[in-house]
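Chain letters run A, B, ... following the sequence lines, proteins first, then strands; residues in each count from 1.
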Number of protein chains: 2
Amino acid sequence: MIKVLLAEDQRMMRGALALLLNLEEDMEVVAQVPAGDQIVDAALAARPDVALLDIELPGRSGLDAAADLRAQLPSCKVLIVTTFGRPGYLRRAMEAGASGFLVKDGPVEDLAAAIRRVLAGEQVIDPGLAAAALSAGPNPLTQRERDVLTAAVDGATVADIAGKLHLSQATVRNYLSAAIGKTGTRNRMEAVRAARRNGWL
Amino acid sequence: MIKVLLAEDQRMMRGALALLLNLEEDMEVVAQVPAGDQIVDAALAARPDVALLDIELPGRSGLDAAADLRAQLPSCKVLIVTTFGRPGYLRRAMEAGASGFLVKDGPVEDLAAAIRRVLAGEQVIDPGLAAAALSAGPNPLTQRERDVLTAAVDGATVADIAGKLHLSQATVRNYLSAAIGKTGTRNRMEAVRAARRNGWL
DNA sequence: GATCCGCCCTGACAAATGTCACGGTCCGCC
DNA sequence: GGCGGACCGTGACATTTGTCAGGGCGGATC
């Protein structure tokens, strides 16, 4: 019996997937969590063979949780299942020790198949996405540039960002300018969108 | 046998829901579409008793399609199933003739139950969401203000927007200013977010 | 030790943005 | 007809934003 942990914030999606996996003869969903910061605890309690993790979760990113999970429960494989096939996400997932990367845009049948392949020791990655990740190259943004960009996502002014990060306003403008340059965009709003699309945040 | 049409862009979600509904003794998914502009055609061909529509779909909004569907196939009830419980969405759904409004954050079991209630002539609406929709009041933005805001979502400059809408730059700035004032925000980025959160775009 | 590189800051500048007051047209409504 | 409101425009203004050219600090690397 394959024991599965499911981390997904949308309740309807989570329920549907759980039902679906439980229909498989050899699978059993032993834990379901709606938030990223509950993943490790739940896994240590339920000891699943494989963890299906969404990336964009409340509390904590599924990617961060994946790295922790691999360290604390190496017997549990990690399969990332996410809405967005962002190149940077795939790269970070691999670095975090994930064994597979699926997009929710694929057919449902792929899910159970992917789980079995992952448990057989294979790596499961969308070929097109892998190509995109390679062609996009690594994340060009420095830590600080990412900090400033993420602080700017919801329309914060330079003063807001400077206050939140304890930087001077001129410095914040510099980082924003650098990020705009590196993303090849024209203003902070475009830079934020470009960085998100690539999974750089 | 209850015949169901399913409009949802995420393939995995669509597949999971279809499987789930087909498990119900008295239901049958007779059509599945991934885009908003395929809804009416598919419905006229398959003649379902109820249509489950997502709102944010490629091609055409599920809300627009709902209005058309009600006009062209009045026997088919409309149930909106969406990720975001935005007050303005609920309001527009009701105006478009929808019989129910579910958020994907609810339990899966609600789905089949809601379908049966809708077919029995009931209206199915999340009570908390209904309250939010009423307290938020109607959309305060004029048509032009919405146009300008939607054109500004992806970081377009004033010049870009003016070109796209064939307005002068000064006029665009005026509409943006008006929208910022009405949303109680500080810049266009916050205004866009606030308008989206309320379902005003 | 010298040399990068990321990081933090400054000051100054041009361009874009947001605000205000104003005049005009068109349309629906009392 | 008069009125209000959505709509389009102008010009001027203060503020914010993005850019550029600097300097200084600490850690890693050769």
Regarding the side chain of B:Y175, the nearest nucleotide among D:dC7, C:dT10, D:dT10 is D:dC7
Is it the case that the side chains of B:Q10 and A:T83 hold a donor-acceptor pair, with the cut-off being a distance below 3.5 Å and no angle test? yes
Nearest-Å distance for atom pair CE/P, residues B:M189 and C:dG18: 11 Å
For C:dC9, does OP1 or OP2 lie under 4.0 Å from any side-chain N or O of A:T171? yes
Kindly check if the number of other-residue, nucleotide or ligand heavy atoms within 6.0 Å of CZ (B:R146) is above 12? yes
Does the distance from a Lys or Arg side-chain N to an Asp or Glu carboxylate O, for B:D160 and A:R186, drop under 4.0 Å? yes
If you check every side-chain atom of B:L176, which of C:dG18, C:dC7, D:dG9 has the closest atom? C:dG18
Cationic tip of B:R92 above B:Y89 ring, under 6.0 Å, 45° of axis: no
Mind checking if B:N174 touches a base, just sugar-phosphate, or nothing, with heavy atoms under 4.0 Å? base
Please tell me which of B:T142 and A:I180 maps to the more 5' nucleotide of DNA chain D, matching each residue to the nucleotide holding its nearest heavy atom. B:T142
The side chain of B:V158 is closest to which nucleotide in this list: D:dC7, C:dT17, C:dC9? C:dT17
For D:dC20, does either OP1 or OP2 sit under 4.0 Å from a side-chain N or O belonging to A:S177? no
To the nearest angstrom, how far is B:E145 atom CD from C:dG18 atom C1'? 15 Å
Which of B:I115, B:L17, B:V118 passes side-chain contact (heavy atoms from CB on, under 4.5 Å) with B:L52? Answer is B:I115
From C-beta outward on A:R173, which listed nucleotide comes closest to its side chain: C:dG18, C:dA12, C:dC8? C:dA12
The side chain of A:N187 is closest to which nucleotide in this list: D:dG18, D:dG9, D:dC7? D:dG18
Integer-rounded Å distance: D:dT19 P and A:R186 CZ: 12 Å
Among D:dA21, D:dT17, C:dG18, which nucleotide has an atom closest to any side-chain atom of A:R188? D:dT17
Checking D:dG9, D:dG18, D:dT17 against the side chain of A:T157 (C-beta onward), the nearest is D:dT17
From CD of A:Q143 across to P of C:dC5 the rounded distance in Å is 19 Å
Just how far, in rounded Å, is C1' of D:dT17 from CD1 of A:I161? 11 Å
Does the side chain of A:R144 get closer than 4.0 angstrom to OP1 or OP2 of C:dC8 through an N or O atom? yes
